[in-house]
Every structure is written in C-alpha cells, then in structure tokens.
Student: 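One structure, pasted below without further comment.
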Amino acid sequence: MVVIVTRPRDQAAAWLEGLQAQGWPARSLPLIEIGPPPDTEPLRQAWARLGGYALVMFVSANAVHGFFAAADEAPIWPPALRAASTGPGTTAALRAAGLADAALVEPAADAASFDSEALWRRLEGEEWTGRRVLVVRGDGGRDWLADRLRERGATVDFVAAYRRLAPRPDAAGQALLAQALARPREAVWLLSSSEALGHLRNLAPQADWSAARAIATHARIAEAAREFGYGAVELAAPTPGAVAAALARMAADTIGAPVNPTPLTPQTPAAATAEARPVPVVVAATTPSRWTFALALVYTLLLAAAWMLAWNTQQRVKTLEAELVKRQQDSGVQATEARTLAQQAETASRESAAKMALLEARVDETSIQRSQLEDLIQSLSRSRDENVLADIDTSVRVAMRQAAITGSAEPLLATLKQADDRLSRYNQPRLERVRRAVMQDMDRVRGAGVTDINGLTIRLDDVIRQVDELPLLSGPEHRAHRAPAPAAAAAKAPSAAASAAGWREWVHRDWRALADRVWQEVRGLVRVTRIEAPEAMLIAPDQAFFLRENLKLRLLNARLALLSRQFDTAQSDLRDAQAALERYFDRGSRRVTVAIEQLRQVRAQARQINVPEPDATLAALAAASAGR
C-alpha cells in the first residue's frame, strides 16, 4: 500500500520521511495550498499590541509561520506572554521560532486528540475575566475555543496569518491521483483537513470512493471522510507512529492476519501487468502426445488473455487520466467564467445603485421645483386686494418690531399713515373696515405717552457740563457766596455826606463807618451754619476732584442706560447722583438747585412705557384676508 499525504507541500516532507522511516512508502499530493493573507497590516498591528495580551493561540504551524513572517527582522516576544498550540506540529514550529518551553501551552501528550477541546482542558482552570486573547489562524475557522473564553469573561481578537487555497496539481500529482483512482485498494489517503475533501471532490467529481481507504487525524475529519464516500476510514493521532499503527491495522484487515509492514514501492501499470501474468508452468514429459499439445495451446491462450487484460487496463487508466485532465480544465474554465460573471454582476449592481441615486436626486429636484411653481402660481392668482392686504400686514408687523426695538412710536405712526393713504385710494367696501381700524390704532398710538429719550439725554449732558462749576460745601466759593457785600459803597457814603455836613458831623460819621466796617470783618471770621452731613465740610481738595469725577461717571452711566432703555439701572444711577448733589454741594447756590431739579425731572420721566400694538388693524386685516 502507498500512503498519499494530503497536507500542504511545506508540511508533507516531514511526514514523508516519518512514514518511510516506519517502513511505509508515501507520496505527496497536496489538497490544500497555503498562501499569504491579502493584507499584512493587521499582522503588523497585532505585533505592535502584543504586550497587551495574556495569551496568543496558534491554530496550526502555518499560523506560526505566517505570524512570525510578518514581524520585523528581529521580533521580540514579551517574556510574560504565553503561546498556545493545538498539537505537536504547532509546538515544534513555535520552538523553531525561538519561543522557550516555559512560554508554551499545549494539550497533554496522552490526549485522545490534538484540537481546541484538548487545549481548553489545559486552560479552563485559569481566571480569564478582563484578559485579552489573540487567536492567530487562517481565513476563517472554528470559534469553539473563542466562545469558551468569552463565556469566562475574556476579550478575544482574531488575526489571519495565511489563507487556504485550492490545489493546482502538477503532472506527477495528476498521475498519482489517476493511479489511486484506478487501484483504490493499493492507496491509503492520509487526511488532515475536512476542507481537503472538498478540493478532492473538485479534482475528481465523478470518482467512486467506495473502495478507497483513508486515515483521519481527527474525529471530525473521519466523519467527513465517511460522508464523502470512503469505504474504510481509520482514526489516528497526528503523528507518524500513530499513522503507521493504523496502516498496520488496515493491512491486517485486508489480508485477514496481522502483518509486519515492509517498505513498498509504488507500482506502475507495467509492473502491475507483469505481476498479473501467470508464471509459466513447465510440464515434464518423456514423450510428446496430444495432451502436451493441448496444454501448450491452453497456456498460450491464457497468456494472450492476460496480456489483453493488462493492455485494456492500461488503456482505461490512460483514458481516465485524460478525462480527469479535461474535467479539471473544464472546471477551471467554468470557475473563470463564474468569476467573470460575478464581476459583471457586481459592476451592474453598482451601476444600478448609481442610477437609482441619480433618479432619487432628480425626483427630489422635481419636487422642489413643483413646490416653487405652486407658490408662484398662488402668488400670481392673488387678487389686487389680497396683495394690498398682505403688503399692509407685513409693513405693520415690521413697524411693530422697530417700535419695540427703538421705543419710539414714530415708525408705527408712519406705517399706519402710509396704510391709511394707500387704502383711501381704493374704493372697496371690504377695505373700509380695515381703514377704520387703522385710524383707530393711529389715535391710540398718538395718545400714548412715550419716553423722550433724546430730551432726557440732553438734560443729563447739561448737568454733566455744570458739575465742575457747582460749589461744594467745603469750597471757598461757598464762603464767598455767604460773605457780606464789600464796604466800598459804605465808604462812598461818608464822602458824599461830608460835602453836605460839617466837619464834626463828618468825623462822627467816619468813626461810625469805621466801626461798622470792623464789625463786618469780625463777623466774616466766624460763621455758624447748620450742615446735616458733617463729613461734607471735611473733604480735601483732592477728594473734591474725585467726588466731581465720580458724579460725572454716575451721570454718564445713567445716560447710557437711558439710551439702551435700561430704566431700572438709569433710575439707580440718577438717585445716587441726586443724593451726592444734595449731600456735598451747596444747595444755597442757584446752579446747584437747578441741577438737582433737572435730575429730579429726568427721574420722573425715565419710565418704561410700551408702545400700543395695532391689534385692531391686525384683526381687521386677518378678517379681510379670510373673506369675512
């Protein structure tokens, strides 16, 4: 029996050597090809994040090779990071990559099978909550171990280190396949992947596998091989020794007794024909007779029949090989056509999607144009009266906003006057009601008292200009204001009287005037005045300067508050300014009295007065527009 190893080409060499060392001839027919992933960027990113994982699980030796091939020239494996494998082959690949035995986790050596289940029995006793695990595999695969880790609270990431491709057998591989199909009892298929069975079916879609025999390295692969149609399937561990033992059992079942396997050489059709020929039997006879002639004739016929049988078998094998090659070519052509059709369908789908998007955009544009056209038709279909009512309503509402912003009734009065003039030009009974409402609102707006902001600011500016000239209670101007008139007029009286009276009378009056003048000077030295705020008399000259400046700032703040229509703020500033005038300035001065009176008038007029709204006009416009 010849063992056909179906593993990928890079892994088949070790198996061929191991089986031949066990005494079994073996040949390679890869049913799966290993290729690089379409994008190696995820592998490089996984290497960059390697320190954040608690475990890296490799599903096969191909995963190890692909993962380390994507690393830098000198990859550094974190010392605390463990690497898990599903079998001896993957573990050997990790050791070859430079990982120490302390960092490796693999199934037990005496495990019934080397798979994710056996590996989980080594990992299930650990705490996985909050830990991250990286699974390095091909393009797809089982998620059984990842599901178990997620159930225990771990976060599992996947990265593809290789991809599995359909095989492309060379001439020697096609010949080996043809020989195995022609003599199924002389070949034993070593299966290590369920996916390989699908590729084998594509290579030989019409073959009969009921007489073929196979050895599977896993129970799932064995079950898939039986469903595939193999007549006999043995289960063995993925080691050359276990496979050799399974081959011995299969050979013992074939001949009916245990055998000691010996090296076999794959037989060619010519060798099979030579073995099929019967060994000539020489019959010794002392004397020729007719029986001798008859035996010679029978022997010749048997030789001819054996040769014809061998020749027919060889022709059938050649025909089958040609048929297999033709079908493989047809399958390749059909696969190419299928890919072409798929690409054409994808292109057509994209074009259809683009056309649908364009149609939707055009439908939206048409809807917008339709709404705009309807608005235009509606505006054109309005009557003259409706246009007039709409214009008046719009202008009145704009004037209301202007009056609310400026606090002046002039914009609203002007708008109502224009509306009255415009309505007077139309002799329409339905508009008379609107005109009467406009006139009524005009009277209401005129009768409403509105704060004269401009006049108030002018008064405040006048007071601000006078602040520097107003006399303080503590200033010299206050004493000059209170001092008696100079005695110059009194000096003239004696001179005038001296001309009319005599010398004695003049002397008497002169002494009297002198005494009055001295008395006036004495009275000027001491002055008794009642002051409610004593600190007003104690203000130094520099404090008097800051007092006048603060008073001007108060008045300026009040002016700004009036302009911004913040009447509460203006009232507060005006009240403080008036209190300062009454407390620190001489109220006996006319200028101070006038300034205090102006501030009192400004305070009385700085009140929030709202402009009346033209409700009657708006109601009349709404009723006229509604046709009532």
Student: Answer yes when Arg370 and Glu374 have at least one side-chain N-carboxylate O distance shorter than 4.0 Å, and no when they do not.
Tutor: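 Here Arg370 pairs with Glu374 in a salt bridge, since their nearest N and O are under 4.0 Å apart.
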
Student: Do side-chain atoms of His199 reach the backbone of Ile32 as a donor and acceptor pair under 3.5 angstrom?
Tutor: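 Absent.
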
Student: Salt bridge or not between Glu124 and Arg148? Use side-chain N to carboxylate O under 4.0 Å.
Tutor: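 Salt bridge absent between Glu124 and Arg148.
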
Student: State the CG-CD distance between Leu181 and Glu321, to the nearest 0.5 angstrom.
Tutor: 10.0 Å

Student: Grab the two heavy atoms, one from Ala187 and one from Ile4, that are nearest each other, plus how far apart they are.
Tutor: CB-CD1, 3.9 Å

Student: If you round to the nearest 0.5 Å, how far is CH2 of Trp144 from CG of Leu119?
Tutor: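 Going from CG on Leu119 over to CH2 on Trp144, the span is 9.0 Å.
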
Student: Run the side chain to side chain contact (heavy atoms under 4.5 Å, CB included) check on Arg164 and Ile34 step by step: do they pass?
Tutor: CA-CA 5 Å; Arg164 293 178 288 271; Ile34 303 301; 4.1 Å; yes

Student: I want to check something: taking the side chain as every heavy atom from C-beta on, are His65 and Tyr162 in contact at a cut-off of under 4.5 Å?
Tutor: no

Student: Just by distance, no angles: are the side chains of Gln174 and Gln328 close enough, under 3.5 Å, to form a donor-acceptor pair?
Tutor: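 Result is yes, a qualifying pair exists.
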
Student: Please find the pair of heavy atoms, one from Trp24 and one from Ala248, that lie closest to each other, and give the distance.
Tutor: CZ2-N, 3.7 Å

Student: Is Leu553 close to Asn550 at the side-chain level, that is, under 4.5 Å between some pair of heavy atoms?
Tutor: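 The answer is yes; the side chains approach within 4.5 Å.
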
Student: Please round to the nearest 0.5 Å and tell me the distance separating atom OG of Ser193 and atom CZ of Arg7.
Tutor: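 Between atom OG of Ser193 and atom CZ of Arg7 there are 9.5 Å.
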
Student: Check whether any side-chain heavy atom of Asp115 sits under 4.5 Å from a side-chain heavy atom of Thr86, and report yes or no.
Tutor: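 Side-chain contact under 4.5 Å: no.
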
Student: Can you check whether Val3 reaches Arg27 side chain to side chain, under 4.5 Å on heavy atoms?
Tutor: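 A side-chain contact is absent here, since even the closest heavy-atom pair is not under 4.5 Å.
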
Student: In terms of side-chain geometry, is the basic nitrogen of Asp143 or Arg150 positioned less than 4.0 Å from the acidic oxygen of its partner?
Tutor: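 Answer for the salt bridge query: no.
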
Student: I'd like to know if Glu41 and Arg44 make a salt bridge, using a cut-off of under 4.0 Å between side-chain N and carboxylate O.
Tutor: yes

Student: Measure across Pro240 and Leu19 and return the closest heavy-atom pair with its distance rounded to 0.1 Å.
Tutor: O-CD2, 4.1 Å

Student: So which heavy atom on Ala211 is nearest to which on Arg185, and how close?
Tutor: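 Shortest heavy-atom contact: O-CD, 3.6 Å.
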
Student: Drop me the distance from Leu320's CG to Arg327's CZ, to the nearest 0.5 angstrom.
Tutor: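 Taking CG in Leu320 and CZ in Arg327, the distance rounds to 8.5 Å.
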
Student: For a 4.5 angstrom cut-off between non-hydrogen side-chain atoms, does Gln344 reach Thr340?
Tutor: yes

Student: Start with the C-alpha distance between Arg131 and Glu126, add both sets of side-chain angles, then the distance that settles side chain to side chain contact (heavy atoms under 4.5 Å, CB included), and finish with yes or no.
Tutor: CA-CA 11 Å; Arg131 305 174 73 182; Glu126 301 181 16; 3.7 Å; yes

Student: Assess the residue pair Arg121 and Glu117 against the criterion (salt bridge (Lys or Arg N to Asp or Glu O under 4.0 Å)); give the C-alpha distance rounded to whole Å, side-chain angles, the decisive distance to 0.1 Å, and a yes or no.
Tutor: CA-CA 7 Å; Arg121 284 191 287 271; Glu117 288 81 353; over 6 Å; no

Student: Going by ring pair (Phe, Tyr, Trp, His ring centres under 6.0 Å), name the residues that satisfy it together with Trp128, two or more places apart in sequence or in a different chain.
Tutor: none

Student: Tell me if the CZ atom of Arg95 is crowded by more than 12 foreign heavy atoms within 6.0 Å.
Tutor: yes

Student: Counting neighbours of CG on Asp568 that are heavy atoms of other residues, nucleotides or ligands and sit closer than 6.0 Å, is the number greater than 12?
Tutor: no

Student: Does some side-chain heavy atom of Leu190 sit less than 4.5 Å from a side-chain heavy atom of Val243?
Tutor: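 Heavy-atom side-chain distance check passes, below 4.5 Å.
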
Student: To the nearest 0.5 Å, what is the distance between CE on Met356 and OG on Ser349?
Tutor: 11.5 Å

Student: Kindly give the heavy-atom pair with the smallest separation between Ala103 and Leu81, and that separation in Å.
Tutor: CB-O, 3.8 Å

Student: Whether Lys355 and Glu351 form a salt bridge (side-chain N of Lys/Arg under 4.0 Å from carboxylate O of Asp/Glu) is what I want to check.
Tutor: no

Student: Around Arg168, counting heavy atoms of other residues, nucleotides and ligands shown, do more than 12 lie under 6.0 Å from its CZ?
Tutor: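 Check fails, neighbour count at 12 or below.
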
Student: When you check the gap from the basic side-chain N to the acidic O, do Lys552 and Glu549 get nearer than 4.0 Å?
Tutor: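 Result for this pair is yes, salt bridge flagged.
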
Student: Looking at Val233, Leu247, Leu235, which one forms a side chain to side chain contact (heavy atoms under 4.5 Å, CB included) with Ile215?
Tutor: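 By the side chain to side chain contact (heavy atoms under 4.5 Å, CB included) criterion, Ile215 pairs with just one of Val233, Leu247, Leu235: Leu247.
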
Student: Thr569 versus Asp573: any side-chain heavy-atom pair under 4.5 Å?
Tutor: yes

Student: Within a strict 4.5 Å, meaning less than it, do heavy atoms of the Val333 and Glu337 side chains meet?
Tutor: yes

Student: Could you give all pairs that pass the salt bridge (Lys or Arg N to Asp or Glu O under 4.0 Å) test and reach residues 45-68, with sequence neighbours left out?
Tutor: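 Counting only pairs at least two positions apart or across chains, no salt bridge (Lys or Arg N to Asp or Glu O under 4.0 Å) contact touches residues 45-68.
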
Student: Is there a side chain to side chain contact (heavy atoms under 4.5 Å, CB included) between His218 and Ser194? Walk through the geometry before answering.
Tutor: CA-CA 9 Å; His218 197 274; Ser194 301; over 6 Å; no

Student: Which value, rounded to the nearest 0.5 Å, describes the distance between Leu29 atom CG and Leu203 atom CG?
Tutor: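 Result: 7.5 Å between the selected atoms.
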
Student: Please indicate whether Arg152 has more than 12 foreign heavy atoms, meaning atoms of other residues, nucleotides or ligands, lying under 6.0 Å from its CZ.
Tutor: yes

Student: Given side chain to side chain contact (heavy atoms under 4.5 Å, CB included), test Phe228 with Ile221 step by step and report yes or no.
Tutor: CA-CA 10 Å; Phe228 183 79; Ile221 304 175; over 6 Å; no

Student: Taking all atoms of both residues into account, what is the closest heavy-atom pair of Pro107 and Ala118, and its distance?
Tutor: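 Between these two residues, the closest heavy atoms are CB-CB, 3.6 Å.
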
Student: Check the angle between the aromatic planes of Phe58 and Phe67 and answer parallel, tilted or perpendicular using the 30° and 60° thresholds.
Tutor: perpendicular

Student: Against Glu234, only a single residue in Arg213, Arg226, Arg249 fulfils salt bridge (charged side-chain N to carboxylate O under 4.0 Å, His left out); can you say which?
Tutor: Arg249

